[in-house]
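This report concerns only the one structure given below.
Within every chain, numbering begins at 1; the chains are lettered A, B, ... in the order of the sequence lines, protein sequences first and strands thereafter. Values in this document were obtained by computation on a predicted structure and should not be read as measured data. Worth knowing before you read on, the calculation uses all heavy atoms, side chains too, and leaves out hydrogens, waters and symmetry mates.
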2 protein chains.
Amino acid sequence: MTAAVRCPPRERIIDAARDLFRKHGIKGIGVDAIAEAASSNKMTLYRHFGSKDDLVFVCLQEAASEAEAFWEGIKAANPGDPRAQLSDWVRRAGEFVTVEHCNCELLDAAAQLMESDHPARQFIEDLRGLYRERLVELCRAAGAADAELLVDALTLLVEGARTNWRSAGPGGAATRFVKVADMIVDDFMR
Amino acid sequence: MTAAVRCPPRERIIDAARDLFRKHGIKGIGVDAIAEAASSNKMTLYRHFGSKDDLVFVCLQEAASEAEAFWEGIKAANPGDPRAQLSDWVRRAGEFVTVEHCNCELLDAAAQLMESDHPARQFIEDLRGLYRERLVELCRAAGAADAELLVDALTLLVEGARTNWRSAGPGGAATRFVKVADMIVDDFMR
DNA sequence: GATAAATGTTACGGATCGGTAACATTGTCA
DNA sequence: TGACAATGTTACCGATCCGTAACATTTATC
């Protein structure tokens, strides 16, 4: 996961950047700090990524490809059983969201640079649409009464858990995400 | 609501600061811009508030007192009827969260300065605890099966709606917050 | 109208940050 | 070993930002 001390600087920088973006926010950390955390320096950072915005973009792409693995893992673990896949989605999303330095930089980034005209805006928006489509399809296949509304509920819960976890930590409502989400999913299954 | 052109500069500055903090985030706006938006200047800003952090703190206190009015409005509109109060809470929270420049700076601030050691941290944490206690009590009085868990669900939904509204706007899941929350409240009422 | 307080204006200091230039060092491959 | 690419180091520029100093102007109070 975290890049070992020895691997190309480009990877080390991406890993460090993602970690620090999660911890301090995109606008809350500087490129110098990122380069130093990557055991590299600002110059090589700018040789690999033309600007801080570009680095942000690459980090988001990295996160997106991990999200791809997230979906594939669910399908592989519950082949041909949409209802089980949905439960698994809830469980994994709960883990995902309540982990120390969680991998939801997509949500964070969305919240942080939607108000500006960042080059990654469109990318995030498209991704959000893609994930929603998939989740709607999964809910429908699992037999949800109103798949769209269920996805709305799950979306709000996930984003809320992410936000709550950051600000309230392990003592907050985020730790009960799975319990709540499971209950809501059940309610839609009749 | 918004301060007219003529009222003490202190109020104009607070209003402008709250507006800009909501729009750009606490770290995303400078004191110069705040002073200019308040039709004032940086010097008088610093004469009223010793530092930007102090200004943030005062803005949060202002928002907290408005939240007080929020609660009292609910109780006044539905006297002696906890179930109706809870429904009203959902409705008003929905309005609150899906308004152009919504008044949830408390949630935003929580997310933005929890990772740092901002002087307002403790204040926000205490406030969060207070609101949770009140909501738990209301849910319990309204006859919820598991008041604590219901509050967890509502908390996640509200924070999620706030985040989602900021990044996804009127087309996102936040617009269905009331529908989802009402459904969940109903589920707990048996 | 005089006096004092509050507010406005301009300029500046120190710090941080994104980004670049010039040069030194390391590593790789023939 | 020699040559070349990749990486590291230092220094710097311009912009932004928080905060302050000094002085000018308005406003309120007597």
[N], OP1 or OP2 - any side-chain N/O from [X] closer than 4.0 Å?
X       : N     : result
B:His48 : C:dA6 : no
A:Ser40 : D:dT7 : no
A:Arg12 : D:dG8 : yes

Any donor-acceptor pair under 3.5 Å from B:Ser167 side chain to B:Thr163 backbone: yes

- prompt: Which residues satisfy the side-chain hydrogen bond (donor to acceptor under 3.5 Å, both in side chains) test with A:Glu148, sequence neighbours excluded?
  reply: A:Arg132

Can you tell me how far [atom2] of [N] sits from [atom1] of [X], to the nearest Å?
X       : N      : atom1 : atom2 : result
B:Asn41 : D:dT20 : CG    : C1'   : 13 Å
A:Arg10 : D:dG8  : CZ    : C1'   : 19 Å
B:Leu20 : D:dC17 : CG    : P     : 12 Å
A:Glu36 : D:dT7  : CD    : P     : 19 Å
B:Phe49 : C:dA6  : CZ    : P     : 15 Å
A:His24 : C:dT16 : NE2   : P     : 15 Å
A:Ile34 : C:dC17 : CD1   : P     : 11 Å
A:Leu45 : D:dA6  : CG    : P     : 16 Å

field: Donor on one side chain, acceptor on other, B:Arg83 and B:Ser87, under 3.5 Å
entry: yes

message: Assigning hydrophobic clusters by single linkage (Ile, Leu, Val, Met, Phe, Trp, Tyr; side-chain heavy-atom cutoff under 4.5 Å), is B:Met43 placed with B:Ile34?
response: no

Could you go over nucleotides 25-30 of chain D and give all protein N or O partners under 3.5 Å, atom names and distances?
none

Qualifying residues under side chain to side chain contact (heavy atoms under 4.5 Å, CB included), relative to A:Asn78, sequence neighbours excluded: A:Ile74, A:Ala84, A:Gln85, A:Asp88

query: With sequence neighbours left out, what residues match A:Val178 under side chain to side chain contact (heavy atoms under 4.5 Å, CB included)?
result: A:Val90, A:Asp182

Between side-chain atoms of residues 170-177 of chain A and protein atoms elsewhere (two or more places apart, or another chain), which donor-acceptor pairs fall under 3.5 Å?
residue  : atom : partner  : partner atom : Å
A:Thr175 : OG1  : A:Gly172 : O            : 2.9
A:Arg176 : NE   : B:Asp152 : OD2          : 2.7
A:Arg176 : NH1  : A:Gly172 : O            : 3.4
A:Arg176 : NH2  : B:Asp152 : OD1          : 3.0
A:Arg176 : NH2  : B:Asp152 : OD2          : 3.3

message: Taking the basic N atoms (NZ, or NE/NH1/NH2) and the acidic carboxylate oxygens, is any pair closer than 4.0 Å for A:Arg128 and A:Glu159?
response: yes

message: Can you tell whether the side chains of A:Glu66 and A:Arg18 come within less than 4.0 Å, N to carboxylate O?
response: yes

- request: If a protein heavy atom is under 4.0 Å from the base, mark B; if only from the sugar-phosphate, S; if neither, -; do that for nucleotides 18-24 of chain C going 5' to 3'.
  value: BBBBB--

